[in-house]
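Report on the structure given below.
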Amino acid sequence: QVQLVESGGGLVQAGGSLRLSCTASGRTFSSIAMGWFRQAPGKEREFVATINWSGGSTLYADSVKGRFTISRDNAKNTVYLQMNSLKPEDTAVYYCAANRGPGGSDYPDYYDDWGQGTQVTVSS
């Protein structure tokens, strides 16, 4: 099991930037893929980005491609989500998740452990 704690959410104007962090403890962080998902009010949870165990492979949702960057620092047991050019439609609770294996996936059922979420609000 992996314990995940997100931070870095907040209120930002459209066009602004935020960086989310997720620090893990428990199961060996450096051997598992990590992902970010988000859920807006009244909507289903959706995939945002994923990164494999080494950081050498990433995948993004089309809605954030070119604006968001996922990265990881295995020495710090931390995964990041750099969000630039934010839009009001990016407003959601953002969740960090730990995959059950080393390869990234956009399928939430492949993730065994989830953080508590951090709110991101983008004003127009």
Which atom of [X] lies closest to which atom of [Y], heavy atoms considered:
{"X": "Ser85", "Y": "Asp90", "value": "O-OD2, 4.5 Å"}
{"X": "Leu81", "Y": "Tyr94", "value": "CD2-CD2, 4.1 Å"}
{"X": "Val2", "Y": "Ala24", "value": "CG1-CB, 3.7 Å"}
{"X": "Gly55", "Y": "Arg72", "value": "N-CD, 3.8 Å"}
{"X": "Tyr107", "Y": "Ser105", "value": "N-OG, 3.0 Å"}
{"X": "Ser124", "Y": "Ala14", "value": "CA-CB, 4.4 Å"}

Before we go on, tell me: are the rings of Phe29 and Trp53 under 6.0 Å apart, centre to centre?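 So the answer is no for these two rings.
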Does some side-chain heavy atom of [Y] sit less than 4.5 Å from a side-chain heavy atom of [X]?
{"X": "Arg19", "Y": "Ser7", "answer": "no"}
{"X": "Gln1", "Y": "Asp113", "answer": "yes"}
{"X": "Trp114", "Y": "Pro108", "answer": "yes"}
{"X": "Trp36", "Y": "Leu20", "answer": "yes"}
{"X": "Gln119", "Y": "Thr121", "answer": "yes"}
{"X": "Asn99", "Y": "Asp112", "answer": "no"}
{"X": "Leu4", "Y": "Met34", "answer": "yes"}
{"X": "Tyr80", "Y": "Ile51", "answer": "no"}

Under 3.5 Å, is there a donor-acceptor pair linking the side chains of Thr50 and Tyr111?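 Their side chains do contain a donor-acceptor pair, which is all the 3.5 Å distance test asks for.
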Is it the case that the side chains of Asn84 and Ser17 hold a donor-acceptor pair, with the cut-off being a distance below 3.5 Å and no angle test?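 Asn84 and Ser17 do have a side-chain donor-acceptor pair below 3.5 Å.
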Taking 4.0 angstrom as the limit, do Asp62 and Lys65 come out as a salt bridge?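 Yes, charged N to carboxylate O under 4.0 Å.
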Does Arg38 make a cation-pi contact with Tyr95, if we ask for NZ or CZ under 6.0 Å from the ring centre and within 45° of the axis? no
Apply the side-chain contact (heavy atoms from CB on, under 4.5 Å) test between Leu59 and each candidate in Val48, Asp106, Ile70, Asn52; give the one that qualifies. Asp106
More than 12 heavy atoms of other groups within 6.0 Å of Glu44 CD: no
Backbone N/O of Val122 and side chain of Thr91: donor-acceptor pair under 3.5 Å: yes
